[in-house]
Amino acid sequence: YRLAVKKLVEHQLLLQEARRRKLEVSEQELDRAVLDVRRRFDDLKGLGAWMKVHELNDRSLFDVLRDELLIKRAAIALVQGVQVSDKEIKDYYESHKEELRGPGQFRLQIVVVESKEVAQQLLMDVHVGGADFAQLARARSRGTRAERGGDTGWVSWKDIPPPLREVVRGLKIGQTGGPIGNGTDYRLVRLTGHRPGPIRSLAEVRPEIQRRAHEAKQKSVYEAWRAEQEQKSKIESVEIFIPPGPRLGDVVIEADGVSKAYGDRLLFEDLNFKLPKGGIVGIIGPNGAGKTTLFRMVVGQETPDTGKVRV
């Protein structure tokens, strides 16, 4: 709840900043944004179903997209002109030397099999069954290193094929990843060792530090602006008191096994609740979560796909 409110407040502050800076969105930019949305769908029927789920019509879609463009533009404007000094670059280098080492060398074990299904089954054997990876390589791998248990020996980062790198990058020693396929072969890879590379000189890593430090400083400037604006806006938590209404019947609102979807988009499934007499309920959630649809069911304007709503 608090995170959702914080996000809403941030959006409003950015829209206020956009208005203060007199930022605008041209009709051409708005048309391109609408076209980008339409391209996500195969046809207008799919777009219409998506808009219904998100409770949008043509006008409100334009308004939402305009606000999104203004929010992005205001956020960029706030950090435009942020520069990183030479001293900041040197200080960053001194405090992050270990992170700035070269990639070093890696030792891997690789199993090569003929199909994705076989690779997935072997991966399950390793993760769930605790199968020995080297034994699997000797028994099942079609690779040239099968007799060595799939062991590659020590290899440098640049010598690892790019598709394999993406998997190895996310592994810790002893972990297995994949499958990685090329249409004819599928590979499982296990990281068995890592030798960190040498600490690189400031000259070598200067462009990387420039990027990292610049991003960090931009974030710091933005967070300071947001904190200042929140304080100026006097955004506070408040308690709302709602007096009890008149006495109703035995059933107030009940949902029994309610499900609702629009196309492939499932809003809720097997929803069950019973609102007691005198109960006070708040419903929050992002656009498209199904809040309006639920209220329409309560007042009889929508019907659930399954289950019943009683009032």
Side-chain angles (χ1 to χ4, degrees), residues 1-40 50 54 56 59-103 157 162 165-166 169-170 199-238 284-289:
Y1 167 76
R2 289 182 179 178
L3 184 61
V5 170
K6 186 176 181 181
K7 200 68 179 175
L8 288 171
V9 169
E10 183 178 1
H11 281 196
Q12 288 304 311
L13 291 174
L14 284 168
L15 285 172
Q16 289 174 17
E17 183 67 19
R19 287 193 287 270
R20 189 185 71 79
R21 291 173 178 261
K22 295 182 171 57
L23 300 178
E24 294 181 351
V25 175
S26 69
E27 292 302 316
Q28 291 83 0
E29 290 172 318
L30 198 53
D31 288 341
R32 285 197 295 270
V34 172
L35 188 59
D36 287 341
V37 172
R38 288 178 177 171
R39 283 173 178 160
R40 300 177 197 169
W50 176 82
H54 288 80
L56 296 170
R59 182 179 180 82
S60 59
L61 176 62
F62 273 81
D63 291 341
V64 167
L65 292 176
R66 182 182 285 106
D67 284 353
E68 286 181 356
L69 289 170
L70 285 172
I71 284 168
K72 289 177 183 177
R73 193 157 294 174
I76 291 170
L78 284 167
V79 297
Q80 213 165 26
V82 170
Q83 300 293 328
V84 179
S85 69
D86 193 58
K87 182 180 183 303
E88 287 173 318
I89 291 174
K90 290 177 180 177
D91 289 345
Y92 189 98
Y93 175 73
E94 290 299 327
S95 58
H96 295 81
K97 277 186 177 180
E98 286 300 317
E99 297 174 24
L100 296 166
R101 286 182 177 273
W157 182 250
R165 279 186 213 163
E166 294 306 309
R169 193 192 306 275
I199 294 177
R200 294 177 289 174
S201 69
L202 176 57
E204 288 179 285
V205 297
R206 190 180 188 91
E208 184 179 349
I209 291 177
Q210 178 83 28
R211 177 184 59 78
R212 288 193 191 184
H214 189 251
E215 289 175 357
K217 192 168 183 178
Q218 283 184 323
K219 184 178 180 181
S220 177
V221 167
Y222 178 79
E223 293 296 336
W225 169 84
R226 187 176 66 179
E228 181 184 4
Q229 295 303 310
E230 287 178 353
Q231 188 174 16
K232 284 181 180 178
S233 301
K234 297 181 180 177
I235 298 167
E236 300 173 351
S237 300
V238 295
I284 63 169
N287 286 343

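Atoms CG and CG, on Leu23 and Leu69 in that order, are 11.5 Å from each other to the nearest 0.5 Å. Between the CD atom of Gln12 and the CD atom of Gln229 there is a distance of 13.0 Å, given to the nearest 0.5 Å. We find the NZ-CG distance between Lys97 and Leu100 to be 10.0 Å, quoted to the nearest 0.5 Å. The line from CD of Glu230 to CD of Glu10 is 8.0 Å long, rounded to the nearest 0.5 Å. Distance check: Leu14 CG to Lys72 NZ gives 12.5 Å after rounding to the nearest 0.5 Å. Residue Glu228 holds its CD atom at 11.0 Å from CG of Leu13, rounded to the nearest 0.5 Å.
Pairing each heavy atom of Arg169 with each of Glu166, the nearest pair is NH2-OE2, 3.2 Å. Nearest heavy atom pair, residue Gln218 against residue Val79, reads O-CG1, 3.3 Å. Pairing each heavy atom of Arg165 with each of Trp157, the nearest pair is NE-O, 3.2 Å. Closest approach of Leu70 to Leu15, counting heavy atoms only: CB-CD2, 4.1 Å. Minimum heavy-atom separation, Val25 to Arg73: CA-NH1, 4.2 Å.
Electrostatic pairing of Arg212 and Glu215 does not count as a salt bridge here, judged by no charged N lying under 4.0 Å from a carboxylate O. A salt bridge links Lys90 and Asp86; the closest N-O separation between the charged side-chain nitrogens and carboxylate oxygens is under 4.0 Å. The pair Glu17-Arg21 meets the salt-bridge criterion, since a charged nitrogen lies less than 4.0 angstrom from a carboxylate oxygen.
Annotation for Glu29: atom CD counts as buried by contact number, over 12 foreign heavy atoms lying within 6.0 Å.
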task: Kindly determine whether Tyr92 and Val205 satisfy side chain to side chain contact (heavy atoms under 4.5 Å, CB included), including the steps that lead there.
output: CA-CA 11 Å; Tyr92 189 98; Val205 297; over 6 Å; no
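In this pair, Trp225 and Tyr222 present their aromatic rings tilted. The plane angle is within the 30 to 60° band.
No donor-acceptor pair closer than 3.5 Å links the side chain of Ser60 to the backbone N or O of Leu56.
Residues passing the side chain to side chain contact (heavy atoms under 4.5 Å, CB included) test with Gln210, sequence neighbours excluded: Val84, Ile89. In terms of the side chain to side chain contact (heavy atoms under 4.5 Å, CB included) criterion, residue partners of Val34 (sequence neighbours excluded) are, by chain and number, Arg38, Phe62, Leu65.
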